[in-house]
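Okay, structure first, notes after.
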Amino acid sequence: MRHVIALDVGGTGMKAALVGTDGTLLHEARRATGRERGADAVVETILAFAADLRAHGEEHLGESAVAAGVAVPGIVDAEKGIAVYAANLGWRDVPLRALLETRLGVPVALGHDVRTGGLAEGRIGAGRGADRFLFVPLGTGIAGAIGIAGAIESGAHGYAGEIGHIVVRPDGPDCGCGQRGCLETLASAAAVTRAWAAASGDPAADAADCAKAVESGDPAAVRVWQDAVDALSAGLVTALTLLDPGTLIIGGGLAEAGETLFTPLRAAVEERITFQKLPHIVPAALGDTAGCLGAGLLAWDLLSTEVSA
């Protein structure tokens, strides 16, 4: 059965699949990155995992994978196939595509994790049928993927979509990027967790706890939540002004709050816009499988590009 290897590398764990021509997940697996053993160990774990997936396909599907797609975090040079930098994994300038191609003996596509997840959401998830969309996952940080005609725009230097570093409150908290008041310091799941832990006096409280408290009418939780929604709507309206997407897909941990997030967010965005067209604001559909599914799409796209060339 013809298939590709799809691998989504996270900070602590990896999700992988063998993906058929129609996008079916023929086999799924997970493995720890082993980052506590250092960057070299992480790279070797990725290579070994990919090789094991190839062997599984040979044994159980009757043939070896015809290509592989890999999504990784941090700064990625997809064109050159280099994992430039990832703070969580400790690596710099890893020629991951070349290493995988040598280990697997098939062509490999390398992509940025958020853009790869956005590719899947746009083609087969919440953005299916949308010619222009913006995918914004709200997790530990905030990133974005700009979808145009079935592809993801990476920008001239691979940094397109970094909506989390739009400054929405110039006098706000310091951000790891060196600016102050970036969107992700105020509206990410991590930011809500920090704010609610402080407001509630419970250092173990997190964003999900804040959402539950909002639903029960806790006034302190409502204030924390609304502050985050206000900051998020400000950042999103800036993005809408620049990009004019037809669909805005919100994912990540914070989106798991459902209408506790989406009802006030839609209202806040609508209140802020003037001449801009209001996009459809929808929750992501693929959950934590988006990166893996997107990696599979990268692999099939790579094969189709090689055939057409």
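The structure displayed is predicted, hence computed values, not measured ones.
With hydrogens and angles ignored, the 3.5 Å screen pairs no side-chain donor or acceptor of Glu121 with any backbone N or O of Phe135. Formation of a donor-acceptor pair under 3.5 Å by the Gln276 side chain with backbone atoms of Val237 is not found in this model. His112 contributes a side-chain N or O that, together with a main-chain N or O of Val114, makes up a donor-acceptor pair within less than 3.5 Å. A side-chain donor-acceptor contact under 3.5 Å links Trp225 to the backbone of Thr260. Glu184 contributes a side-chain N or O that, together with a main-chain N or O of Ile142, makes up a donor-acceptor pair within less than 3.5 Å. Distance alone, capped at 3.5 Å, is enough to place a donor-acceptor pair between the Arg180 side chain and the Gly172 backbone. Side-chain atoms of Arg223 do not come within 3.5 Å of backbone N or O of Ala199 as any donor-acceptor pair. Judged purely by atom type and a 3.5 angstrom limit, Arg35 has no side-chain atom pairing as donor or acceptor with the backbone of Gly90. No donor-acceptor pair under 3.5 Å is formed between the side chain of Thr116 and the backbone N or O of Gly294. With hydrogens and angles ignored, the 3.5 Å screen pairs a side-chain donor or acceptor of Arg128 with a backbone N or O of Ile124.
Within the 4.5 Å cutoff, no side-chain heavy atoms of Asp230 are placed close to those of Glu271. Taking 4.5 Å as the limit, some side-chain heavy atom of Leu89 sits within range of a side-chain heavy atom of Val9. Put simply, the side chain of Val66 reaches to within 4.5 Å of the side chain of Arg2, judged on heavy atoms. Residues Leu293 and Leu25 form a side-chain contact, since some pair of their non-hydrogen atoms from C-beta on lies under 4.5 Å apart. No side-chain heavy atom of Val282 sits less than 4.5 Å from a side-chain heavy atom of Leu248. No side-chain heavy atom of Ile82 sits under 4.5 Å from any side-chain heavy atom of Val94. Using a 4.5 Å heavy-atom threshold, the side chains of Arg54 and Ile5 count as touching.
Trp196 approaches Ala213 most closely through the heavy-atom pair CZ2-CB, 3.8 Å. Contact between Val84 and Asp77 at its shortest, heavy atoms only, is CG2-N, 3.8 Å. Listed here is the closest heavy atom pair of Thr247 and Ala130: OG1-CB, 3.6 Å. Between Val214 and Val222, the shortest heavy-atom distance links the atoms CG2-N, 4.0 Å. Across all non-hydrogen atoms, the minimal contact from Ala239 to Leu134 is CB-CD2, 3.8 Å. Pairing each heavy atom of Ala32 with each of Thr45, the nearest pair is O-CG2, 3.5 Å.
Annotation: the span from Leu7 atom CG to Met14 atom CE amounts to 6.0 Å, rounded to 0.5 Å. With rounding to the nearest 0.5 angstrom, the CZ atom of Arg115 is 9.0 Å from the CD1 atom of Ile152. If you take CD1 on Ile146 and CD on Glu162, they are separated by 10.0 Å, rounding to the nearest 0.5 Å. Here Asp301 contributes atom CG and Leu119 contributes atom CG; the two are 6.5 Å apart, rounded to the nearest 0.5 Å. Note that OG of Ser304 is 10.5 Å distant from CG of Leu297, once rounded to the nearest 0.5 Å. Distance check: Ile281 CD1 to Arg266 CZ gives 6.5 Å after rounding to the nearest 0.5 Å.
The number of heavy atoms from other shown groups lying within 6.0 Å of NE2 (His280) does not exceed 12. Within a 6.0 Å radius of CD in Glu36, more than 12 heavy atoms belonging to other residues, nucleotides or ligands are found. The neighbour count for Asp40 CG, taken as heavy atoms of other residues, nucleotides or ligands under 6.0 Å away, does not exceed 12. For Glu63, the CD atom counts as densely surrounded, since its 6.0 Å shell holds more than 12 non-hydrogen atoms of other residues, nucleotides or ligands.
A donor and an acceptor atom, one from each side chain of Arg272 and Ser233, are located under 3.5 Å apart. A donor-acceptor contact closer than 3.5 angstrom links the side chains of Asp22 and Thr24.
A salt bridge does not link Arg132 to Glu153: none of the charged nitrogens lies less than 4.0 Å from a carboxylate oxygen. Electrostatic pairing of Asp52 and Arg31 counts as a salt bridge here, judged by a charged N lying under 4.0 Å from a carboxylate O.
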